[in-house]
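Working notes, structure below.
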Amino acid sequence: MANIKECTKLPQRLSGGHRLCGGCGASIAVRQVLMGAGDSEVVAGCATGCLEVSTTIYPYSSWNGSFIHNAFENSAATISGAEAAFKGLQAAGRIPADKDVKFVAFGGDGGTYDIGFQSLSGAMERGHDMVYVCYDNGAYMNTGIQRSSATPQNAWATTSEVGSAKDGKIQHRKDLTSIIADHHIPYVAQASVGYWRDLVNKAEKAFNTPGPAFLNIMAPCPRGWRTKSSDTAELARLAVDTGFWPSFEVEDGKWTMTMPAKIKKDGLRPVEDFLKPQGRFKHLFKPGNEALLENAQKSVDEFYDYLVKRCECQ
């Protein structure tokens, strides 16, 4: 169980002073995830994106430890190769058999849900002993806030504009966490930077699970969401509290809801509490768009019910 005092004693694997925006959810996700590795040595890889370009501006690096920058689409392939090489050197006796090294790959939703999905799926299917972390901010933020398959329905993006022709993105967002769970790997979880203890605990499970593990993390982007930098943590909590981003895990095929106790007691908050502070959804609250808001609530309710039923079927 994550303890805040103990967490402060752990190595700081991502230094402050990087160039990510104030309130960026990605850096919060990375720091919380790496707490789950404890004192182990870590080899990290990162797909090209906000996280990479803002933490590794030559000749500087914010990463304290082994770090590999790879292309937009192959973070999982790179780290799976590093893990395989490590295991091969151990088998050859060139690295001590008891040496403990954790391997982790990071990617945004564009590099994970979309152009990196093939390498991710392959690494999970092959069974590499690694953790893949997606920091999901709902668009290709680094290249101009273009829509991705993680962008929510009706959200504004620069390639899904709001106007007379359409009201933001038309399609539903992809349920990547369930897709990876259906690869039948040992550990899969969905979490949010707004609930740090839940995230650190899940990261610890992921790092200590032999074989592949996957974490999908809600990581708000003030620039792309059109929100205040100071609102990141609250929005990340609201994503969970409204059921927009349910917290759950799949451990050896067993699905479990891990929602906060207050949700179990009082129920979900209306999804508009999460949507209203965000500029990318402001059109939903204009007169005449009530049906869009109702549909957003319906979609959240249906997906939450799907997860509850899947957990109850265990």
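Residue V104 is found in a hydrophobic cluster whose other members, listed by chain and number, are L14, L20, I28, V30, V33, L34, V42, L51, W63, F67, F106, V131, V133, Y135, Y187, V193, L199, F207, L215, I217; membership requires side-chain heavy atoms under 4.5 Å apart, directly or through intermediates. Residues near I57 contribute nothing to a hydrophobic cluster around it, because no ILVMFWY side-chain heavy atom sits closer than 4.5 Å to its side chain.
When atom types are taken as modelled, the side chain of T48 and the backbone of N70 share a donor-acceptor pair closer than 3.5 angstrom. One N or O on the side chain of S119 and one on the backbone of E73 form a donor-acceptor pair closer than 3.5 Å. Judged by distance alone, the side chain of T256 and the main-chain N or O of E249 form no donor-acceptor pair under 3.5 Å. Looking at Q190, its side chain does come within 3.5 Å of a backbone N or O of P246 through a donor-acceptor pair. The main-chain N or O of S148 is never found under 3.5 Å from a side-chain atom of D114 such that the two would form a donor-acceptor pair. Between the side chain of H283 and the backbone N or O of N154 there is at least one donor-acceptor pair closer than 3.5 Å. For T258 (side chain) and S247 (main-chain N/O), a donor-acceptor pair under 3.5 Å exists by modelled atom type. Between the side chain of N295 and the backbone N or O of A291 there is no donor-acceptor pair closer than 3.5 Å. Under a 3.5 Å cut-off, the side chain of W245 and the backbone N or O of A236 do not form any donor-acceptor pair. Without hydrogens or angle criteria, T242 side chain to P270 main chain gives no donor-acceptor distance under 3.5 Å.
In this structure, S75 OG and H69 NE2 are separated by 9.5 Å, a value rounded to the nearest 0.5 Å.
Using a 4.5 Å cut-off between side-chain heavy atoms of Ile, Leu, Val, Met, Phe, Trp and Tyr, with links allowed through other members, F285 and L235 fall into the same hydrophobic cluster. Cluster membership check: F117 does not share its hydrophobic cluster with I115, using side-chain heavy-atom separations under 4.5 Å among Ile, Leu, Val, Met, Phe, Trp and Tyr. Under a hydrophobic-cluster definition in which Ile, Leu, Val, Met, Phe, Trp and Tyr are linked whenever side-chain heavy atoms come within less than 4.5 Å, directly or via other members, F72 and I68 are assigned to different clusters.
Listed by first and then second residue, the salt bridge (charged side-chain N to carboxylate O under 4.0 Å, His left out) pairs that reach into residues 86-101 are E41-K99, E83-K87, K87-D129, D100-K102, sequence neighbours excluded. For residues 154-178, the salt bridge (charged side-chain N to carboxylate O under 4.0 Å, His left out) pairs, not counting sequence neighbours, are D136-R173. Here salt bridge (charged side-chain N to carboxylate O under 4.0 Å, His left out) pairs that include residues 216-235, with residues two or more places apart or in two chains, are E234-R237.
Between T209 and I185, every side-chain heavy-atom pair lies at or beyond the 4.5 Å cut-off. Looking only at side-chain heavy atoms (C-beta outward), L238 and R269 come within less than 4.5 Å of each other. Counting heavy atoms from C-beta outward, I263 and Y304 have side chains that approach closer than 4.5 Å.
Under the salt bridge (Lys or Arg N to Asp or Glu O under 4.0 Å) criterion, E290 pairs with no residue, sequence neighbours left out.
The residues D305 and K309 are annotated as not salt-bridged, no charged nitrogen and carboxylate oxygen being separated by less than 4.0 angstrom. A salt bridge links K9 to E6: at least one charged side-chain nitrogen sits closer than 4.0 Å to a carboxylate oxygen. Comment: E251 engages K205 in a salt bridge, judged by a side-chain N to carboxylate O separation of less than 4.0 angstrom.
For S178 and Y306, the side-chain atoms include at least one donor-acceptor pair closer than 3.5 Å.
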side-chain contact (heavy atoms from CB on, under 4.5 Å) evaluation trace for F244 with M218: CA-CA 10 Å; F244 176 87; M218 172 58 63; 3.9 Å; yes
Begin with the C-alpha distance, continue with both residues' side-chain angles, and end with the deciding distance and a verdict on side-chain contact (heavy atoms from CB on, under 4.5 Å) for F214 and L120. CA-CA 10 Å; F214 175 79; L120 169 60; 4.0 Å; yes
For the pair D241 and K262, evaluate side-chain contact (heavy atoms from CB on, under 4.5 Å) and give the outcome as yes or no after the intermediate values. CA-CA 9 Å; D241 295 349; K262 61 183 178 180; 3.2 Å; yes
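A cation-pi arrangement is absent between R280 and W156, since the terminal nitrogen or guanidinium carbon is not both under 6.0 Å from the aromatic centre and inside a 45° cone about the axis.
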